[in-house]
Q: 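One structure, as structure tokens, below. Some questions next.
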Protein chains: 2
Amino acid sequence: MKKAETTRLTILQKAFELIYVKGYLTTSIDDIIATTEVTKGAFYYHFKTKDEMGLAIINDILKPTLISSFIQPLQNEQNPIDAIYNLMDNLLMKNEFLKVEYGCPASNFTQEMTPWNADFNNALNELTKQWTKVMTATIEKGKKNGFIREDVNAKQVTLFVMSGYWGIRNFGKLENSKKVYLPYLKELKSYLNSLK
Amino acid sequence: MKKAETTRLTILQKAFELIYVKGYLTTSIDDIIATTEVTKGAFYYHFKTKDEMGLAIINDILKPTLISSFIQPLQNEQNPIDAIYNLMDNLLMKNEFLKVEYGCPASNFTQEMTPWNADFNNALNELTKQWTKVMTATIEKGKKNGFIREDVNAKQVTLFVMSGYWGIRNFGKLENSKKVYLPYLKELKSYLNSLK
DNA sequence: CATAAAAGATACCGTTTAGTATTTTTGCAA
DNA sequence: TTGCAAAAATACTAAACGGTATCTTTTATG
């Protein structure tokens with residue numbers, strides 16, 4: 001029972017790495033079993049279809065990782081301006097899970113799968129909804145504690161900030177360099193300060 | 001010489017529509033020739049490979065369209081705050097070429113092709129560079145004419161605004177609704193006004 | 001240590017893919 | 001009208017794809 005769980009996890013992890021780099025559709029099951037050194041029989045023992053594995057990647061790999069790096073950091077800090085800025089700075093400049101050249105895995109999945117696979121869509125939508133919820137709550141709390149102006153619309157700001165993040169990751173991917181992150185972070189800071 | 005040019009263009013246009021909806025990799029040449037009612041012989045008479053056609057789509061379809069809807073609108077208006085806001089409002093709410101549910105075609109191409117095709121990368125990079133250039137120039141002009149504070153960093157703002165656009169298109173695609181565009185535009189307006 | 005079930009290996013199937021080779025039609029100049 | 005190249009239609013190939021069927025090895029348990 002334990003060995004099986006191990007192989008399942010290595011399949012998911014290695015498959016995620018491949019998919020993060022090459023995309024879901026261009027990563028074949030043969031690719032996956034080649035790099036994991038697991039056979040096709042083993043693969044189909046653990047997953048009924050390729051898409052079932054894709055969803056497992058989202059739920060078992062992406063979700064916990066993103067929760068710990070996108071959501072938990074927001075819940076620790078008091079000042080939402082610092083919280084959001086530090087979160088972005090960490091995500092863009094320091095996080096080792098997210099690589100510039102490959103963009104944001106959640107965003108990649110969205111772009112690729114959304115037009116034709118509703119299950120992936122739902123799984124990813126849930127992730128962003130959670131992020132939205134926590135960030136909005138952080139801002140609302142900041143309004144009460146006097147860190148943020150009362151007339152600021154928390155949901156609007158959340159959407160605006162999240163959009164910027166998704167977009168800048170796209171830029172980083174396109175230019176294949178973290179250089180663009182620095183001016184983005186600077187402008188983010190001055191935007192956030194305008195909410196005081 | 002004229003009939004040939006016509007079939008070439010219909011191939012490109014119909015192929016673009018398919019790719020915009022389904023993605024480049026999932027759109028097969030058989031799909032394309034089926035919807036264009038052009039035979040494979042005709043297709044390969046006009047394009048050596050699928051990728052050559054893909055690049056032709058970027059250069060002959062995407063580029064002129066995006067230039068007229070992303071770049072030219074910026075050059076007409078005086079006040080950069082209005083110029084940028086109206087541009088975004090048009091792109092998100094009014095433009096008929098860009099559909100919510102399918103995201104931004106340039107962004108889609110980037111996400112899909114960037115990891116493994118350098119030619120696509122360059123073609124797309126050039127497009128965004130042009131957009132950056134024009135928007136930055138608009139802001140700089142606005143600084144001189146007193147529409148924008150002198151201490152504002154034009155390039156930073158451009159990057160920030162463009163990132164937001166790319167990101168919100170991703171959101172629209174994910175939620176499959178223009179609803180998210182409205183709060184985004186509201187917050188964009190108040191951000192732009194903070195640059196006065 | 002025997003045995004059944006879990007886990008994994010191997011060979012293969014049907015289909016789809018991008019691309020090619022060959023043939024046929026079309027448009028136009030002489 | 002004929003000649004001939006440009007354009008398009010048809011028929012095909014080889015490889016890759018996701019998925020399945022079948023067989024073998026491990027592992028847990030009496």
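If you're wondering where the values come from, they're calculated on a predicted model, not measured in any experiment. Every chain is numbered from 1, with letters handed out A, B, ... down the list of sequences.
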Q: Does the ring of A:Tyr45 carry A:Lys40 above it, NZ/CZ under 6.0 angstrom from centre and within 45° of its axis?
A: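 That pair does not qualify as a cation-pi contact.
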
Q: Given 3.5 Å as the limit, does a donor-acceptor pair link the side chain of B:Asn108 with the main chain of B:Tyr102, or not?
A: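 Present.
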
Q: Using whole Å, what does the distance between atom C1' of nucleotide C:dC12 and atom CD1 of A:Ile33 come to?
A: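 Atom CD1 in A:Ile33 sits about 13 Å away from atom C1' in C:dC12.
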
Q: Tell me the interatomic distance from B:Leu25, atom CG, to D:dA16, atom C1', rounded to whole angstroms.
A: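 Nearest whole value for this atom pair: 14 Å.
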
Q: Distance check: side-chain N/O of A:Thr7 vs OP1/OP2 of C:dG8, anything under 4.0 Å?
A: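 For C:dG8, OP1 or OP2 has a side-chain N or O of A:Thr7 closer than 4.0 Å.
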
Q: Would you say B:Asn95's side chain and B:Phe97's backbone share a donor-acceptor pair under 3.5 angstrom?
A: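 Confirmed, B:Asn95 side chain pairs with B:Phe97 backbone.
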
Q: With a 4.0 Å cutoff (strictly under), does any side-chain N or O of A:Thr39 reach OP1 or OP2 of C:dT10?
A: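 Negative; the distance criterion is not met.
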
Q: Could you tell me whether B:Glu126 and B:Lys63 have a side-chain N and a carboxylate O separated by less than 4.0 Å?
A: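 A salt bridge is present here (some side-chain N lies under 4.0 Å from a carboxylate O).
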
Q: What's the CZ-P distance between A:Arg8 and C:dG8, to the nearest Å?
A: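 Roughly 12 Å, once rounded to whole Å.
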
Q: With a 3.5 Å distance limit and no angle check, can you tell me whether A:Asn145 reaches the backbone of A:Phe147 through a side-chain donor-acceptor pair?
A: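 No, A:Asn145 side chain to A:Phe147 backbone: no donor-acceptor pair under 3.5 Å.
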
Q: Measure from the side chain of A:Tyr45, starting at C-beta and using heavy atoms only, and say which of C:dT10, C:dA7, D:dG18 lies closest.
A: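 Within the option list, the nearest is C:dA7.
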
Q: What is the distance from CD1 of B:Ile32 to P of C:dT16, rounded to the nearest Å?
A: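 These atoms are roughly 17 Å apart.
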
Q: Please set out all donor-acceptor pairs under 3.5 angstrom arising from side-chain atoms of residues 133-141 of chain B, sequence neighbours excluded.
A:
| residue | atom | partner | partner atom | Å |
| --- | --- | --- | --- | --- |
| B:Thr136 | OG1 | B:Thr132 | O | 2.7 |
| B:Thr136 | OG1 | B:Thr158 | OG1 | 3.1 |
| B:Thr138 | OG1 | B:Val134 | O | 2.8 |

Q: Without decimals, in angstroms, what is the distance between A:His46 NE2 and C:dG8 C1'?
A: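 Roughly 8 Å, once rounded to whole Å.
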
Q: Between protein and nucleotides 19-26 of chain C, map the contacts as a letter string: B base, S sugar-phosphate only, - none, heavy atoms under 4.0 Å, written 5' to 3'.
A: BB------

Q: When the distance from CG of B:Asp31 to P of C:dA18 is rounded to whole Å, what number comes out?
A: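 From B:Asp31 CG to C:dA18 P: 8 Å.
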
Q: Given atom OH of B:Tyr24 and atom C1' of C:dA18, what is their separation to the nearest angstrom?
A: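 In whole Å, C:dA18 C1' and B:Tyr24 OH are 10 Å from each other.
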
